[in-house]
Amino acid sequence: MLNIGIDMVEIDRIRKILKRNKNFLGFILGEIEFKQLEKRNFPCSSVAANFCGKEAFVKSIGCGIFSFNMKHIQIIRNELSQPEILLGSEVSKIIGSNLSFSISITHTKTTALAVVVSS
């Protein structure tokens, strides 16, 4: 059975959070995705897209976003710049290893969107 999760956020909302809370990036980003986004100077559109990817992931497995530490769900870009989901061991233990995931991320000037399909 396929499960789908989708999330959308206004990029300006993330921009405002980043201005108010300097710890936000450390709270939501895992080590690899932090380093990838740091190389690009943390573009708000990409931070928003990663945030949406995490939200879409937990929706696809039927949980709330705060069921896990957000840092343990990483949205990384592979060598072809395609987004992929990298799960920390504590998340993998909870959901099991027999699920696979596909993620698609996009954004406009104002909105970021992510869709995750799990099977």
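When reading the values below, keep in mind they use all heavy atoms of this one structure, side chains included, and skip hydrogens, waters and symmetry mates.
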Would you give me the side-chain donor-acceptor pairs under 3.5 Å for residues 3-20, sequence neighbours excluded?
{"unit_1": "Asp7", "atom_1": "OD1", "unit_2": "Lys59", "atom_2": "NZ", "d": "2.9"}
{"unit_1": "Asp12", "atom_1": "OD1", "unit_2": "Arg15", "atom_2": "NH1", "d": "3.4"}

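- Residues satisfying the ring-ring contact (aromatic ring centres under 6.0 Å, His included) criterion with Phe42, sequence neighbours excluded, are Phe34.
- The shortest heavy-atom contact between Gln74 and Lys71 is CG-O, 3.6 Å.
- Phe27 is connected to Val47 through a chain of hydrophobic side-chain contacts under 4.5 Å among Ile, Leu, Val, Met, Phe, Trp and Tyr, so both are in one cluster.
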Considering only distance and modelled atom types, tabulate donor-acceptor pairs under 3.5 Å from the side chains of residues 106-119, sequence neighbours left out.
{"unit_1": "Thr108", "atom_1": "OG1", "unit_2": "Thr110", "atom_2": "N", "d": "3.1"}
{"unit_1": "Thr108", "atom_1": "OG1", "unit_2": "Thr110", "atom_2": "OG1", "d": "3.4"}
{"unit_1": "Thr108", "atom_1": "OG1", "unit_2": "Thr111", "atom_2": "N", "d": "3.1"}
{"unit_1": "Ser118", "atom_1": "OG", "unit_2": "Ser60", "atom_2": "O", "d": "3.3"}
{"unit_1": "Ser119", "atom_1": "OG", "unit_2": "Ser100", "atom_2": "OG", "d": "3.1"}

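- Leu25 has its side chain out of reach of Leu37: every pair of non-hydrogen atoms, C-beta onward, lies at least 4.5 Å apart.
- Counting only residues at least two apart or in different chains, salt bridge (charged side-chain N to carboxylate O under 4.0 Å, His left out) contacts with residues 33-48 comprise Glu31-Lys35, Glu33-Lys54.
- A distance of 12.0 Å separates CD1 of Ile73 from CG of Leu29, quoted to the nearest 0.5 Å.
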Taking distance alone, no hydrogens or angles, what donor-acceptor pairs closer than 3.5 Å link side-chain atoms of residues 76-85 to residues at least two apart or in another chain?
{"unit_1": "Arg77", "atom_1": "NH1", "unit_2": "Asn50", "atom_2": "OD1", "d": "2.8"}
{"unit_1": "Arg77", "atom_1": "NH1", "unit_2": "Ile75", "atom_2": "O", "d": "3.4"}
{"unit_1": "Arg77", "atom_1": "NH2", "unit_2": "Asn50", "atom_2": "OD1", "d": "2.9"}
{"unit_1": "Asn78", "atom_1": "OD1", "unit_2": "Leu80", "atom_2": "N", "d": "2.8"}
{"unit_1": "Asn78", "atom_1": "OD1", "unit_2": "Ser81", "atom_2": "N", "d": "3.2"}
{"unit_1": "Asn78", "atom_1": "OD1", "unit_2": "Gln82", "atom_2": "N", "d": "3.0"}
{"unit_1": "Asn78", "atom_1": "ND2", "unit_2": "Gln82", "atom_2": "OE1", "d": "3.0"}
{"unit_1": "Asn78", "atom_1": "ND2", "unit_2": "Glu84", "atom_2": "OE2", "d": "3.0"}

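- For Glu90, the side-chain contact (heavy atoms from CB on, under 4.5 Å) partners two or more places apart in sequence, or in a different chain, are Asn69, His72.
- A single hydrophobic cluster is seen to contain both Ile103 and Leu99, as judged by linkage of ILVMFWY side chains at heavy-atom distances under 4.5 Å, directly or through other members.
- Side-chain contact between Phe101 and Leu86 is absent, with no heavy-atom pair separated by less than 4.5 Å.
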